[in-house]
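Structure first, commentary second.
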Amino acid sequence: MSHPSKLLKQLEQRAKKRFGQHFLASPGIVQNIIQVAQIGADSQVMEIGPGLGVLTEALLATGASVTAVELDRDMASFIRDRLPEVRLIETDAARLDFDSALSGSDWYCVANLPYNAATRMITRMLERPDLFTKLVVMVQKEVAERLVAPAGDRKRGSLSVFTEARAAARIRIRVPPGAFHPPPKVHSAVVEMRIRDEADVGTAPIEVFDFLVRSSFVQPRKTLRNNLVAAYTRDIADAIIADAGINPTARPAVLSLEEFQLLAASAHHIRT
């Protein structure tokens, strides 16, 4: 595995802070990511932000077909010259048109995501079970903990419930700053998300479920009732909570996925 510091010298530039560039430099972490991904010669892999291509090299070594999405023009040119077998798309991954960029289904995303846009990228992929089978992504530790937070965890929020409804998610690798060049000021983690064929939102339409979940966590320290009153009006919120049989004074973080499904079903029934 080529070390990023040597590759940067070849590129004759420093890591660009405007893109939050910290390049993975630990062979052990790279191999652990590959093991978690479980990809092979028949796999289609999208890598977001390949940078200098350290992880890309390992992905290619499995025999997988790799499509890399890179915003940085200099990095894209470097990847094109160094790893010509990679299909390269030069664009902002947060705005990537999946339907025009990716053909077929059963795609894997294996990537060290840009931390300033990771949440948006992940939610967009979770919304497309017709395209993606599994995500193995490195994110900031705090984001990883929010993605997998179960009911009762103080880190649980709307992102946690959104993810739980769409994937089986767990933290697989914890990554210290020293695994990068240059080292960031934060710790990181690799999250594996096995995407469900259909979102597990109960009987309510998915847009009703998502709205209710977002509304429940607008002010996480407030009670469920106070949050839903702000979104639905007092009478409707009280009817939704009563119909679902949920404690109105409960904090949203303590509610299970099944309880949010009941609330969404009640909201749909009451408002139609």
Side-chain angles (χ1 to χ4, degrees), residues 46 92-102 105-107 109 113 117-135 137 139 143 146-151 153 155-169 191 193-220 222-248 250-272:
M46 180 178 72
D92 181 354
R95 301 178 180 178
L96 179 66
D97 181 349
F98 291 142
D99 292 310
S100 63
L102 308 178
S105 58
D106 294 327
W107 280 83
C109 177
L113 295 179
T119 299
R120 175 59 181 152
M121 293 177 184
I122 290 168
T123 55
R124 289 191 65 218
M125 289 186 282
L126 288 175
E127 289 175 327
R128 296 299 305 269
D130 57 317
L131 283 177
F132 295 100
T133 296
K134 184 197 281 190
L135 314 182
V137 293
V139 295
V143 173
R146 286 167 47 212
L147 283 164
V148 305
D153 191 313
K155 299 181 181 70
R156 187 169 176 83
S158 60
L159 178 62
S160 315
V161 182
F162 180 95
T163 302
E164 185 180 3
R166 290 166 169 83
V191 181
M193 287 169 270
R194 296 178 180 269
I195 300 178
R196 308 185 196 281
D197 291 337
E198 294 183 4
D200 187 12
V201 299
T203 60
I206 194 166
E207 61 273 12
V208 174
F209 176 87
D210 287 342
F211 178 78
L212 182 132
V213 171
R214 287 194 305 270
S215 301
S216 298
F217 284 96
V218 170
Q219 298 189 63
K222 287 196 170 185
T223 65
L224 174 68
R225 180 180 184 273
N226 284 343
N227 278 300
L228 294 188
V229 163
Y232 291 99
T233 76
R234 181 176 290 103
D235 290 344
I236 293 178
D238 286 341
I240 289 171
I241 294 169
D243 186 61
I246 307 296
N247 180 359
R251 298 294 189 272
V254 307
L255 300 184
S256 66
L257 175 62
E258 292 74 19
E259 288 172 312
F260 279 111
Q261 292 171 351
L262 290 172
L263 287 164
S266 296
H268 181 58
H269 171 72
I270 289 167
R271 301 195 74 190
T272 54

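When reading the values below, keep in mind they use all heavy atoms of this one structure, side chains included, and skip hydrogens, waters and symmetry mates.
A donor-acceptor contact shorter than 3.5 Å links the side chain of R124 to the backbone of A94. Checked by atom type and distance alone, the side chain of R146 never pairs as donor or acceptor with a backbone atom of S158 at under 3.5 Å. Side chain of R194 to backbone of K134: no donor-acceptor contact under 3.5 angstrom is found. Of the possible polar contacts, none joining the E164 side chain to the V148 backbone as a donor-acceptor pair under 3.5 Å is found. For R214 (side chain) and F209 (main-chain N/O), no donor-acceptor pair under 3.5 Å exists by modelled atom type.
When only modelled atom types and interatomic distance are considered, T133 and D106 share a side-chain donor-acceptor pair under 3.5 Å.
In terms of heavy-atom proximity, V254 sits nearest to A250 at CG2-CB, 4.0 Å. Smallest separation of non-hydrogen atoms from S216 and P252: O-CG, 3.2 Å. In this structure, R156 and V161 approach most closely via the heavy-atom pair NH2-CG2, 3.7 Å. Contact record, S266 with A244: OG-N, 3.4 Å, taken as the closest heavy-atom pair.
The CD atom of E127 lies 12.5 Å from the CD1 atom of I122; values are rounded to the nearest 0.5 Å. A distance of 13.0 Å separates CG of D243 from CD1 of I236, quoted to the nearest 0.5 Å. Note that the SG atom of C109 and the CG atom of L126 stand 10.0 Å from one another [nearest 0.5 Å]. Considering CD1 of I240 and CD1 of I246, their distance stands at 12.0 Å, rounded to 0.5 Å. The OG1 atom of T163 sits 6.5 Å away from the CE atom of M193 when rounded to the nearest 0.5 Å. Going from atom CD1 of I195 over to atom CZ of R128 covers 11.0 Å, rounded to the nearest 0.5 Å.
Side-chain contact check for L212 versus H268: every heavy-atom pair is 4.5 Å or farther apart. Between S160 and L147 there is no side-chain heavy-atom pair separated by less than 4.5 Å. Proximity of L255 to L263: side-chain heavy atoms (C-beta onward) are separated by under 4.5 Å at one or more points. In this structure the side chain of P248 reaches within 4.5 angstrom of the side chain of I241, judged on heavy atoms. Counting heavy atoms from C-beta on, the side chains of L96 and M121 never come closer than 4.5 Å. Counting only heavy atoms from C-beta outward, the side chains of F217 and K222 never approach each other to under 4.5 Å.
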- [ ] List the steps and the verdict of side-chain contact (heavy atoms from CB on, under 4.5 Å) for L102 and F132.
- [x] CA-CA 10 Å; L102 308 178; F132 295 100; 3.6 Å; yes

Task: Stepwise salt bridge (Lys or Arg N to Asp or Glu O under 4.0 Å) test for R225 and D238 - done: CA-CA 7 Å; R225 180 180 184 273; D238 286 341; 2.6 Å; yes

Task: Test side-chain contact (heavy atoms from CB on, under 4.5 Å) applied to M125 and W107, step by step - done: CA-CA 10 Å; M125 289 186 282; W107 280 83; over 6 Å; no

TODO: Using the side-chain contact (heavy atoms from CB on, under 4.5 Å) rule, take N226 and Q219 through it: C-alpha gap first, then chi angles, then the decisive distance, then the call.
DONE: CA-CA 9 Å; N226 284 343; Q219 298 189 63; over 6 Å; no

Task: Criterion side-chain contact (heavy atoms from CB on, under 4.5 Å) on L159 and T123, from CA distance to verdict - done: CA-CA 8 Å; L159 178 62; T123 55; 3.8 Å; yes

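At most 12 heavy atoms of other shown residues, nucleotides or ligands fall within 6.0 angstrom of atom CZ in R234. At most 12 non-hydrogen atoms from other residues, nucleotides or ligands lie less than 6.0 angstrom from CD of E198. In the displayed structure, D97 atom CG is contacted under 6.0 Å by more than 12 heavy atoms of other residues, nucleotides or ligands.
Salt-bridge check for D210 with R166: passed, with a basic side-chain N closer than 4.0 Å to an acidic carboxylate O.
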